[in-house]
Amino acid sequence: MKKIFTLTTMALTLSLTASAKYQLSLDDLPNGWGSSYDPATQTISYVADGWGGRGWGLTPFDAEKGTAGELFDMSAYDYLVVRTYPSTLKLNVAVEYTDGVTINDNKDGLKGIASASWAGEAGTTFFAVPLNKDYKYGLQVFIQNQQWQAAAPNNPEGCVRLIEAFLGTKAEYEEALASHVPYVDPKKSISLAELVSGWGNSTYDAATHTVTIGDDWSGKGWWLATWNGSANVGTDYSDYDKFVIEFAQPTATGGKVNVEYDGGTAATFFEFAEGATVAVVDLDPVGKKVVLQANIQGPAGAQFVLKEAYFCTADVAPEVPTDPTADVIIWNETHRFDTWDSFTIPADKFVDATAGDFVVFAISEAFELSSWPYGGQVHIKKSDWSDNWAANDNSANPSVPAGTTNAEVVFPMNIADGAMLADVKANGMLVQGMGLTVAKVLIRKAADSSVKGIVSTTSNNAAVYNLRGQRVGSQYRGIVISNGKKYLLK
């Protein structure tokens, strides 16, 4: 039963339009029990077991005189409309009526003689109460916590944040309903209290939020589906674009975050390297309607300390930090230069390149041609073919001797006072060569590669593997390992 409370004068703000709509002021909700109101955030907070309510008085009452003030005539209105952000509580929005005469049992206010209400389940954001036309005068409007549960507290604490509340005509109600867009929290947190899904002897310590990987590439995670009596039904996350795990401390190893779907949709995943602080998985646009589970995997013995896990929209997804000193592979195809043929690396591969960077050609082999006894050479040409920006040749810099394998040819990006960098950013990089095979081309920020045309015998195996040790091709995007060194494939 709702509690009767002393009425105070409510501030009603008349709309400045020709409409009959009355906006109920959110500057204050003076009447209530088992609750409080913060006007700064327009939030009602309910206490546990309070069966709390909060709202506005419509008809005032003078307790000293024992009489009502001016009666609030509701005959011009058809609906009470309340719009909110989603709440975790089931709420009831109600209007009470008065005859302006009958006093309540406590003799401190008017007694409600009838009411009209509309209850909404947790998450409801639009409440519309049809007004009872048998009663003319309004006593009060309130929003009550009705989230009853069997175990104590029977009515848990919680809150609801208001957007607006008004009394209006049927046309104004219909207009509000048609224009109402249910609010979607851009970030939906997933509890770290328990990770019930797992396999391969992986464990989770809820006190420290630590996942410990048992068998190699086993995992632990969240089971997000529900059992309907005959099958598991995936949870609808269609409002979101990403699944995110933030780590409380940088990871000591690499790993993988995986999201699995129902209905035949393949899983999506994000592989992270040692030192990661966040992992962001792109959700499948179809599969996200039926998400079964999300988990984190890694090599045997790895430990991952979780800070937060959540689904979110793309606009609030965190950036994935990258190692500013890491080599970035910008061309990952094998090209054998038998004669002075060429290929071009597109300009968009150089968007992030700076004058302090180096362009590195990974050479898998150099061989001698009968018509060219100088060994392997690679040139960076001007885009108009008028000359070389940089040339590794026998007249200026050493060629790669025939028989050499797994070498590097390195040029600074600021050749000709940065003119080469400007050219490749605008037109792409035109590469010409002879007598060698280029396995890949990358941009490097290493401070020790400052000499033009360096030829290195550092091993540079053309085989590329992901963090799980699986060999991948040139179309793969993400962090990879090539002969023990990590790269970022873009």
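Remark: Lys188 fails to qualify as a cation-pi partner of Tyr310 under the 6.0 Å distance and 45° angle criteria applied to the six-membered ring.
With ring centers used as reference points, Trp331 lies under 6.0 Å from Phe343. Note: Phe272 and Phe247 meet the aromatic proximity criterion, with ring centroids under 6.0 Å apart.
Shown are Ile330, Asp357, Asp423; of these, the side chain to side chain contact (heavy atoms under 4.5 Å, CB included) with Phe350 is made only by Ile330. The side-chain hydrogen bond (donor to acceptor under 3.5 Å, both in side chains) test with Lys242 singles out one residue from Thr313, Asp282, Thr268, and that residue is Asp282.
Under a 3.5 Å cut-off, the side chain of Trp56 and the backbone N or O of Ser25 do form a donor-acceptor pair. The main-chain N or O of Pro156 is never found under 3.5 Å from a side-chain atom of Gln147 such that the two would form a donor-acceptor pair. Under a 3.5 Å cut-off, the side chain of Asn132 and the backbone N or O of Asp134 do form a donor-acceptor pair. Panel note: side chain Thr124, backbone Phe126; no donor-acceptor pair is recorded below 3.5 Å. Side chain of Arg54 to main chain of Phe142: no donor-acceptor pair is present (N/O by atom type, distance under 3.5 Å, no hydrogens or angles). The backbone N or O of Ala267 sits nowhere less than 3.5 Å from a side-chain atom of Glu260 that would complete a donor-acceptor pair.
The two residues Phe61 and Lys107 come nearest to each other via the heavy atoms CE2-O, 4.3 Å. Nearest heavy-atom pair, Pro299 versus Gly254, reported as atom, atom and distance to 0.1 Å: CD-O, 3.4 Å. Scanning both residues, Trp223 and Val196, for their nearest heavy atoms gives CB-CG2, 3.6 Å. Here the closest heavy-atom approach between residue Ile213 and residue Gly219 is recorded as CD1-CA, 4.2 Å. In plain terms, the two heavy atoms of Thr43 and Cys159 that are nearest each other are CG2-CB, 3.7 Å. Residues Tyr79 and Ala128 share a closest heavy-atom pair of CD2-CB, 4.3 Å.
Side-chain contact check for Ser197 and Gln293: at least one donor-acceptor pair (N or O, by modelled atom type) lies under 3.5 Å. Between the side chains of Ser45 and Tyr37, not a single donor N or O lies within less than 3.5 Å of an accepting N or O.
Taking the side chain as every heavy atom from C-beta outward, Asp327 and Val360 never approach each other to under 4.5 Å. Side-chain contact between Thr203 and Val211 is absent, with no heavy atoms from C-beta onward closer than 4.5 Å. No side-chain heavy atom of Arg161 sits under 4.5 Å from any side-chain heavy atom of Thr84. In this structure the side chain of Val257 never reaches within 4.5 angstrom of the side chain of Asn295, judged on heavy atoms. Residues Val82 and Phe166 form no side-chain contact, since every pair of their non-hydrogen atoms from C-beta on lies 4.5 Å or further apart. Taking the side chain as every heavy atom from C-beta outward, Val95 and Ser117 never approach each other to under 4.5 Å. Two residues are said to be in side-chain contact when any heavy atoms from C-beta on lie closer than 4.5 Å; Val129 and Phe127 fail this criterion. You'll find the side chain of Tyr204 reaches within 4.5 Å of the side chain of His209, heavy atoms only.
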Walk me through whether Leu283 and Tyr240 qualify under side-chain contact (heavy atoms from CB on, under 4.5 Å). CA-CA 8 Å; Leu283 299 180; Tyr240 302 99; 4.3 Å; yes
Trace of the side chain to side chain donor-acceptor pair (under 3.5 Å) decision for Ser36 with Asp38: CA-CA 7 Å; Ser36 60; Asp38 180 0; over 6 Å; no
Could you walk me through whether Ser202 and Ser218 pass the side chain to side chain donor-acceptor pair (under 3.5 Å) check? CA-CA 6 Å; Ser202 289; Ser218 62; 2.7 Å; yes
Tyr85 vs Val160, side-chain contact (heavy atoms from CB on, under 4.5 Å): CA-CA, chis, key distance, verdict: CA-CA 7 Å; Tyr85 293 98; Val160 61; over 6 Å; no
Given the rule in the side-chain contact (heavy atoms from CB on, under 4.5 Å) test, do Asn332 and Val441 qualify, once you have shown the distances and angles that lead to the verdict? CA-CA 7 Å; Asn332 193 36; Val441 183; over 6 Å; no
Do Glu164 and Arg83 pass the salt bridge (charged side-chain N to carboxylate O under 4.0 Å, His left out) test, and can you show the C-alpha distance, the side-chain angles, and the key distance before you say yes or no? CA-CA 5 Å; Glu164 73 165 341; Arg83 297 196 305 122; 3.1 Å; yes
Lys170/Glu175 under salt bridge (charged side-chain N to carboxylate O under 4.0 Å, His left out): CA gap, chis, key distance, verdict: CA-CA 9 Å; Lys170 180 180 179 182; Glu175 179 184 6; over 6 Å; no
List the steps, then state whether side-chain contact (heavy atoms from CB on, under 4.5 Å) holds for Thr102 with Leu110. CA-CA 6 Å; Thr102 307; Leu110 295 170; over 6 Å; no
Between Gln303 and Thr212, is the side chain to side chain donor-acceptor pair (under 3.5 Å) condition met? List the steps. CA-CA 5 Å; Gln303 288 192 320; Thr212 301; 2.9 Å; yes
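For the atom pair OG of Ser35 and CD1 of Ile143, the computed distance is 10.0 Å after rounding to the nearest 0.5 Å. To the nearest 0.5 angstrom, Trp222 atom CH2 is 4.5 Å from Phe243 atom CZ. Atom OG1 in Thr98 sits 6.0 Å away from atom CD1 in Ile113 (nearest 0.5 Å). For the atom pair Tyr46 OH and Glu157 CD, the distance stands at 13.5 Å (nearest 0.5 Å). Atom CG of Leu167 and atom CG of Leu131 lie 6.5 Å apart (nearest 0.5 Å). Between atom CG of residue Asp185 and atom CG of residue Asp239 there is a gap of 10.5 Å, rounded to the nearest 0.5 Å.
Below 30°, between 30° and 60°, or above 60°: for Tyr237 and Phe311 the angle between ring planes is below 30°, a parallel geometry.
Of the charged side-chain nitrogens involved, at least one lies within less than 4.0 Å of a carboxylate oxygen, so that Glu121 and Lys90 count as a salt-bridged pair. By the 4.0 Å N-to-carboxylate-O rule, Glu96 lies too far from Lys111 to be salt-bridged with it. No salt bridge links Lys289 with Asp236; every basic N to acidic carboxylate O contact stays at or beyond 4.0 Å. A salt bridge is defined here as a Lys NZ or Arg NE, NH1 or NH2 lying under 4.0 Å from an Asp or Glu carboxylate O, and Asp78 with Lys133 meets this definition. One finds a salt bridge joining Asp73 and Lys136 here, because a Lys/Arg side-chain nitrogen approaches an Asp/Glu carboxylate oxygen to under 4.0 Å.
Summarising the local packing, CD of Gln149 is surrounded by more than 12 heavy atoms from other residues, nucleotides or ligands at distances under 6.0 Å. In the displayed structure, Gln146 atom CD is contacted under 6.0 Å by more than 12 heavy atoms of other residues, nucleotides or ligands.
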